[in-house]
Protein chains: 4
Amino acid sequence: MKFDPERPIYMQIVDLIKKKIARNEILPMNKLPSQRELAVLMNVNPNTVQRAYKELEDEKIVVTLRGQGTFVSDNPALVKKLKNELANKALDDFFIEMKSLGFSNAEISHLISKFLTEGIDDNAAKS
Amino acid sequence: MKFDPERPIYMQIVDLIKKKIARNEILPMNKLPSQRELAVLMNVNPNTVQRAYKELEDEKIVVTLRGQGTFVSDNPALVKKLKNELANKALDDFFIEMKSLGFSNAEISHLISKFLTEGIDDNAAKS
Amino acid sequence: MKFDPERPIYMQIVDLIKKKIARNEILPMNKLPSQRELAVLMNVNPNTVQRAYKELEDEKIVVTLRGQGTFVSDNPALVKKLKNELANKALDDFFIEMKSLGFSNAEISHLISKFLTEGIDDNAAKS
Amino acid sequence: MKFDPERPIYMQIVDLIKKKIARNEILPMNKLPSQRELAVLMNVNPNTVQRAYKELEDEKIVVTLRGQGTFVSDNPALVKKLKNELANKALDDFFIEMKSLGFSNAEISHLISKFLTEGIDDNAAKS
DNA sequence: GTGGTCTAGACCACA
DNA sequence: GTGGTCTAGACCACA
């Protein structure tokens, strides 16, 4: 696992797990890897994983059962909320990038429409 | 300067300069920093900068005049082309992210509309 | 500093600081000792103090300013809330003890009245 | 058994037995565990238990019959006296705590009344 | 100087 | 086996 040295590793683990839940790659009630397992997988200290899991627990995204493991919350609103958060971030990032390139709202709107109708055959457009 | 160890540094410098040109932060006919200057600024080897400038020259984005320096091409289509390339990439990244979160084209379209009408303040504030 | 080995040290530090705030021994906006200072004073590891301070921050009891220190919140309701929490605990503990000794509500009420009128000259009563 | 290292263990055993008698958990005329038994149970030296029993005997709380064992006194006033001692201590501790939190006699009186009327469930549930 | 993050590793509590 | 707490100590970021 490669981590961005600019941001705390434990926060990157938090974001990674949030993303997996938002993408339905980890379902509600599923068990996350144990702290030790994930620490080995990601090549970090178990304490760092615990910090990430603690943060997820504080945010009510997981529940921890001592001696049993850490599980994705069974809150029906949870996945939806995470999806929305990540969608808003993607939306934000996209608009910031487009604005920085000097595109107006109208132009962005037009490009989106074109993209949606023409599909993903954008290779021609790029070259 | 922090570089991603996964990709060649010279390519990252190329992308960075393309982005600056696309954003009008460096204008056509402007002189780029000398290879030595940029090498010091970015804390890389001058050969790495030279390789980046060579690549930009091969792509007709800059011209190097011996003894004078390296300049952004005065090709009127250049900036536009770079803008489009980066816009397409942003568009692609955005759609890939939204699709991975399970959003349909209709939902994406709706979110964009909402963002354009309601979220202008947010957006303006951030750009 | 002596800690009860049955409870986490960091929680005991949390309770201790809460008690000091409830007793007006530390006033709102006051700076707490630095993590290193308190660690030396209490003869524990700085990480343990940080954990306590983090918990207090999560409970909005203190605010931490990086590079400056940790301060008691300036929330006017805070001290009152802590006082009430500790008063309720004292009340609970007292009633549990009296009930375990077989005293009825009426008897407890009577003892309290007597205590309040006769003052604290309870030494005679004790022997 | 966990003992507070700050006070003599035998005194803590004395207090523990007094509390059990005050709570009717050990009745007058009942036989206490043998010194050896209790020593094993509490993981202390038999001499320590003997010292505790000796203290209880000096206070007329138990009587030891050679070759038969140690028995709670059949003095009708004994249990009552112990109850009162412990009640006074609880009362004292409670008032000291409430005073340290800045509560006046009137406020304490009011809280007790409220607790007795509203908090009966809570209290019952806990005892 | 002050808090924030991380590693390495020990030992405990719950199941 | 799984999470929880703690120590010792390093190094970084902010001011």
Side-chain angles (χ1 to χ4, degrees), chain A residues 1-18 26 29-74, chain B residues 1-3 5 43, chain C residues 1-18 26 29-74, chain D residues 1-3 5 43:
Chain A
M1 205 59 193
K2 292 284 174 25
F3 291 105
D4 175 358
E6 303 287 283
R7 296 171 55 227
I9 293 176
Y10 82 95
M11 282 306 298
Q12 296 182 55
I13 295 176
V14 163
D15 287 346
L16 207 143
I17 292 172
K18 281 181 177 178
I26 312 179
M29 308 203 63
N30 274 189
K31 185 179 173 300
L32 296 182
S34 82
Q35 295 179 1
R36 283 166 184 81
E37 273 179 337
L38 195 56
V40 170
L41 267 173
M42 298 204 155
N43 200 26
V44 298
N45 190 285
N47 284 334
T48 301
V49 176
Q50 189 177 38
R51 207 163 178 176
Y53 280 17
K54 173 74 163 50
E55 175 64 25
L56 288 166
E57 192 163 19
D58 286 352
E59 296 189 30
K60 313 278 193 204
I61 291 167
V62 304
V63 291
T64 293
L65 302 181
R66 191 181 249 225
Q68 296 190 51
T70 299
F71 302 82
V72 177
S73 290
D74 189 24
Chain B
M1 204 57 193
K2 294 281 172 29
F3 292 104
N43 200 28
Chain C
M1 204 59 191
K2 292 283 175 26
F3 292 105
D4 176 358
E6 304 287 285
R7 296 171 56 225
I9 294 175
Y10 82 97
M11 282 306 298
Q12 296 182 57
I13 295 176
V14 164
D15 286 347
L16 208 143
I17 293 172
K18 282 182 177 178
I26 313 179
M29 308 205 63
N30 275 188
K31 184 178 173 300
L32 296 182
S34 81
Q35 295 178 1
R36 282 165 182 81
E37 272 179 340
L38 195 56
V40 170
L41 268 173
M42 298 204 155
N43 200 28
V44 297
N45 190 284
N47 285 333
T48 301
V49 175
Q50 189 179 35
R51 206 163 177 175
Y53 280 16
K54 172 73 162 52
E55 174 65 25
L56 288 166
E57 192 162 18
D58 285 352
E59 296 189 30
K60 315 276 193 201
I61 290 167
V62 304
V63 290
T64 292
L65 302 181
R66 192 182 247 223
Q68 296 191 50
T70 299
F71 302 82
V72 177
S73 290
D74 189 24
Chain D
M1 203 59 191
K2 294 284 174 28
F3 292 104
N43 199 26

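This structure is a prediction, so every number in the text was calculated from the model and none was measured. In what follows, chains are A, B, ... by sequence order, proteins preceding strands, each numbered from 1. Just the heavy atoms: all of them, side chains too, but no hydrogens, waters or symmetry mates, feed the values below.
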(request) For C:K31, enumerate each residue passing the side chain to side chain donor-acceptor pair (under 3.5 Å) test, keeping only those at least two apart in sequence or located in another chain. (result) none
(request) Check side-chain contact (heavy atoms from CB on, under 4.5 Å) between C:L41 and all other residues, then give those that pass, not counting sequence neighbours. (result) C:L38
(message) Could you tell me how far apart C:D4 (CG) and F:dT5 (C1') are, to the nearest whole angstrom?
(response) 14 Å
(request) State, yes or no, whether a side-chain contact exists between A:M42 and A:L16 at a heavy-atom distance under 4.5 Å. (result) yes
(request) Ignoring backbone atoms, establish whether A:T70 has a side-chain N or O less than 4.0 Å from OP1 or OP2 of F:dT2. (result) no
(request) Report the distance from atom CG of C:L56 to atom P of E:dG3, rounded to the nearest whole Å. (result) 13 Å
(request) Sequence neighbours left out, what passes side-chain contact (heavy atoms from CB on, under 4.5 Å) with A:P46? Give chain and number order. (result) A:A39
(message) Looking at C:Q35, I'd like to know whether one of its side-chain N or O atoms comes within less than 4.0 Å of OP1 or OP2 on E:dG1.
(response) no
(message) What is the separation between atom CG on C:L65 and atom C1' on E:dG1, rounded to the nearest whole Å?
(response) 14 Å
(message) What stems show up for DNA chain F when you take Watson-Crick pairs (N1-N3 plus N6-O4 or O6-N4) and G-U wobbles (N1-O2, O6-N3), both under 3.5 Å, and require three or more consecutive pairs?
(response) E:1-14 with F:1-14
(message) A:Q68: which residues meet the side chain to side chain donor-acceptor pair (under 3.5 Å) condition with it, sequence neighbours left out?
(response) none
(request) Go through E:dC6, E:dG4, F:dC6 for me and flag the one nearest to the A:Y10 side chain. (result) E:dC6
(request) Could you state the atom-to-atom distance from CD of A:Q12 to C1' of E:dG4 in whole Å? (result) 15 Å
(request) Could you state the atom-to-atom distance from CZ of A:F3 to P of E:dC6 in whole Å? (result) 9 Å
(request) Give the rounded distance in Å between these two atoms: OH of C:Y53 and P of E:dT5. (result) 17 Å
(request) Would you check if C:Y10 and C:V44 make a side-chain contact, meaning some heavy-atom pair closer than 4.5 Å? (result) no
(message) Checking C:D15 now: which residues fulfil salt bridge (charged side-chain N to carboxylate O under 4.0 Å, His left out) with it, not counting sequence neighbours?
(response) C:R7
(request) Sugar-phosphate atoms are those with a prime plus P, OP1 and OP2; base atoms are the rest. Using that split, label each nucleotide of nucleotides 7-15 of chain E B, S or - for protein heavy atoms under 4.0 Å, 5' to 3'. (result) BBB---SBS
(message) Suppose we screen for side-chain contact (heavy atoms from CB on, under 4.5 Å). Which residues come up paired with A:V63, at least two apart in sequence or across chains?
(response) A:F71, A:S73
(request) Find which nucleotide of DNA chain F each of C:R7 and A:E37 is nearest to by heavy atoms, and output the residue with the more 5' nucleotide. (result) A:E37
(request) Using the salt bridge (Lys or Arg N to Asp or Glu O under 4.0 Å) rule, collect all pairs that involve residues 33-57 of chain C, keeping only residues at least two apart or in two chains. (result) C:K54-C:D58
(request) Measure from CD on A:E57 to C1' on F:dT2 and round the result to the nearest Å. (result) 13 Å
(message) Rounded to whole Å, how long is the line connecting atom CD of C:Q50 with atom C1' of F:dC6?
(response) 14 Å
